[in-house]
Amino acid sequence: MTEPLVSIIVPTYNVERYIEESVESILNQTYPNTEIILIDDGSTDATSYLLQQFTDKAHITVNPINQGQGAVRNQGINQAAGDYILFVDSDDWIEPGAVRGLVQKAIETKAEIVRFNGQSFFDGKATPKQLGDYDFSEVLEENEIYIAPEILPKIQKSYSASPCLYLVKRSLLIENRIRFPEGILHEDEYFSTLVFLHTKKMAYINQFYYHRRYRAASTMTESRPEHKQRSFQSYLKVFQLMEEEYISSQYNQQQKGFLKRQLLSIYNGLLQSPVDTGLKKQLKNITSITAKDRFRIQISRLRTKYLK
């Protein structure tokens, strides 16, 4: 029996310090049937030059101009021929047995997505306010096969937007036309929400297969006012895209409930975002958040404040 092909998609942009470690971790996988898709997004450092050493081991594309991570990941999905897709960020790395373990679990359970844990680590002087591991073992169990409608309640309690923390069947993305929003930050929030909404069977491996780097000048640690403004506008766009999904007729009540929770979470983040109040005036035009929703958000914030 032929082992399923796994497409590993790695967008790169100005990561000359990390890209070799990341790609080597993929090349060192104990699972043999992979295709590695490396797409450089208009780097201005030596990244695209360093990628050339892998030309006989990976599919390499060099984009002349920067398009953003969402667009490049979509480019990777379009190129992929695998039965499964795994995303790896170009400054992170994965354990040697990651792909083999994930594929074995997917075959054994016939799951459309297989989730796993991630471990965070500092690089240089990056000091994000919160740094924690992505450990889902308190909610998910290895010996369980989760079938809709029990999937979404489990995801609500173990939510992570990162597409790097699950193996996904390519057919799930193709059949449901799931793609990343382009030209914005936080595109993961929308993409993973759609993946979870359409998943009918999910499995989990209690292994820390993924190592996520926090570094200076990354989206996770950037603090300039202009970045905060772009982040606000991006989250607002993600909210609007999810709102369109919410008002559509394709989802059942449970799925709509999950979408509403996502909308409330993003809306609450927008309210508390450290940007000019003029930007926040855009929130007044939102109709999917009712007066009752706003009241609940206020109560929740007060409860959190006084329980600290």
Side-chain angles (χ1 to χ4, degrees), residues 4-29 31 33-94 98-99 102 118 123 161-174 177-192 194-195 209-213 215 217-220 222 230 234 238:
L5 178 65
V6 178
S7 301
I8 304 176
I9 299 172
V10 186
T12 73
Y13 178 67
N14 287 355
V15 283
E16 61 183 7
R17 289 177 56 192
Y18 316 110
I19 186 57
E20 291 172 296
E21 179 184 22
S22 182
V23 176
E24 289 293 346
S25 78
I26 297 169
L27 292 173
N28 289 335
Q29 290 300 299
Y31 185 80
N33 199 19
T34 62
E35 64 167 3
I36 305 171
I37 299 173
L38 306 174
I39 305 175
D40 186 66
D41 194 26
S43 290
T44 57
D45 66 0
T47 300
S48 60
Y49 170 77
L50 293 171
L51 289 179
Q52 299 312 308
Q53 65 188 291
F54 305 115
T55 51
D56 60 335
K57 300 172 183 175
H59 305 291
I60 299 174
T61 304
V62 177
N63 294 335
I65 58 172
N66 181 264
Q67 301 177 52
Q69 184 162 255
V72 174
R73 280 178 171 164
N74 288 340
Q75 192 177 346
I77 293 171
N78 293 337
Q79 289 183 23
D83 300 283
Y84 299 94
I85 287 177
L86 181 68
F87 294 99
V88 177
D89 284 345
S90 56
D91 50 357
D92 302 335
W93 59 279
I94 56 177
V99 176
L102 292 167
D123 180 78
S162 175
C164 298
L165 295 174
Y166 54 83
L167 179 80
V168 60
K169 207 166 185 180
R170 185 170 67 95
S171 59
L172 178 70
L173 306 183
I174 303 303
R177 300 179 181 179
I178 300 174
R179 293 293 187 275
F180 292 90
E182 300 185 6
I184 62 172
L185 305 174
H186 315 304
E187 68 283 347
D188 295 355
E189 295 283 347
Y190 178 74
F191 179 87
S192 289
L194 289 193
V195 168
Y209 281 147
Y210 197 88
H211 297 270
R212 187 170 194 176
R213 187 189 310 269
R215 60 187 175 90
S218 73
T219 304
M220 298 293 291
E222 180 63 81
R230 188 183 173 205
S234 293
V238 170

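Start at 1 with the first residue, then count along the sequence.
- Distance alone, capped at 3.5 Å, is enough to place a donor-acceptor pair between the E35 side chain and the A81 backbone.
- Between D91 and E21 there is no side-chain heavy-atom pair separated by less than 4.5 Å.
- Note that CD1 of I178 is 4.5 Å distant from CG of L172, once rounded to the nearest 0.5 Å.
- The shortest distance between side-chain heavy atoms of P4 and Y31 falls below 4.5 Å.
- Aromatic ring pairs are classed by plane angle as parallel below 30°, tilted from 30° to 60° and perpendicular above 60°; the pair F191 and F87 is perpendicular.
- Contact annotation: the side chain of Y190 never approaches that of I184 to less than 4.5 Å [non-hydrogen atoms, C-beta and beyond].
- No option in V99, D83, L5, V6 other than L5 meets the side-chain contact (heavy atoms from CB on, under 4.5 Å) test with N33.
- Put simply, the side chain of S234 gets close to the backbone of R230: a donor and an acceptor are under 3.5 Å apart.
- For Q69 and E187, the side-chain atoms include at least one donor-acceptor pair closer than 3.5 Å.
- A distance of 4.5 Å separates CD in E182 from CG in N74, rounded to the nearest 0.5 Å.
- For I36 against K57, the heavy-atom pair with the smallest separation is CD1-O, 3.9 Å.
- One finds a salt bridge joining R73 and D89 here, because a Lys/Arg side-chain nitrogen approaches an Asp/Glu carboxylate oxygen to under 4.0 Å.
- Residues I26 and V88 are in side-chain contact: their nearest non-hydrogen atoms beyond the backbone lie under 4.5 Å apart.
- Separation of atoms CD1 (I39) and OG (S90) is listed at 11.5 Å; rounding is to 0.5 Å.
- Residues L102 and Y84 have side chains not in contact (no heavy-atom distance under 4.5 Å, counting atoms from C-beta outward).
- A donor-acceptor pair under 3.5 Å is formed between the side chain of R170 and the backbone N or O of G82.
- A search for side-chain hydrogen bond (donor to acceptor under 3.5 Å, both in side chains) contacts involving E189 returns Y159, not counting sequence neighbours.
- Judged by distance alone, with hydrogens and angles left aside, the side-chain atoms of D41 form a donor-acceptor pair with the main-chain N or O of Q67 at under 3.5 Å.
- Here the closest non-hydrogen pair linking S43 and N14 is OG-N, 2.8 Å.
- To the nearest 0.5 Å, the span separating CG on L50 from CD on E16 amounts to 7.0 Å.
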Determine whether Q53 and V23 satisfy the following criterion, side-chain contact (heavy atoms from CB on, under 4.5 Å), listing intermediate values before the conclusion. CA-CA 11 Å; Q53 65 188 291; V23 176; over 6 Å; no
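- Residues I77 and I9 approach most closely at N-CD1, 3.6 Å, considering heavy atoms.
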With side-chain contact (heavy atoms from CB on, under 4.5 Å) as the criterion, how do L27 and F54 come out once you've worked through the C-alpha distance, each side chain's angles and the decisive distance to 0.1 Å? CA-CA 10 Å; L27 292 173; F54 305 115; 3.8 Å; yes
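- The minimum heavy-atom distance between H211 and D92, with the atom names listed, is O-CB, 3.0 Å.
- Nearest approach of S162 to R212, heavy atoms of both residues: CB-NH1, 3.9 Å.
- With rounding to the nearest 0.5 angstrom, the CG atom of L86 is 5.5 Å from the CD1 atom of I94.
- T47 places no side-chain N or O within donor-acceptor distance of the main-chain N or O of Y13, the cut-off being under 3.5 Å.
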Give the C-alpha distance, both sets of side-chain angles, the deciding distance and a yes or no for side-chain contact (heavy atoms from CB on, under 4.5 Å) between Y209 and L165. CA-CA 9 Å; Y209 281 147; L165 295 174; over 6 Å; no
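- The shortest heavy-atom contact between V15 and D45 is N-OD2, 3.4 Å.
- Summarising the geometry, atom CD1 belonging to I8 is positioned 9.5 Å from atom CD1 belonging to I37; distances are rounded to the nearest 0.5 Å.
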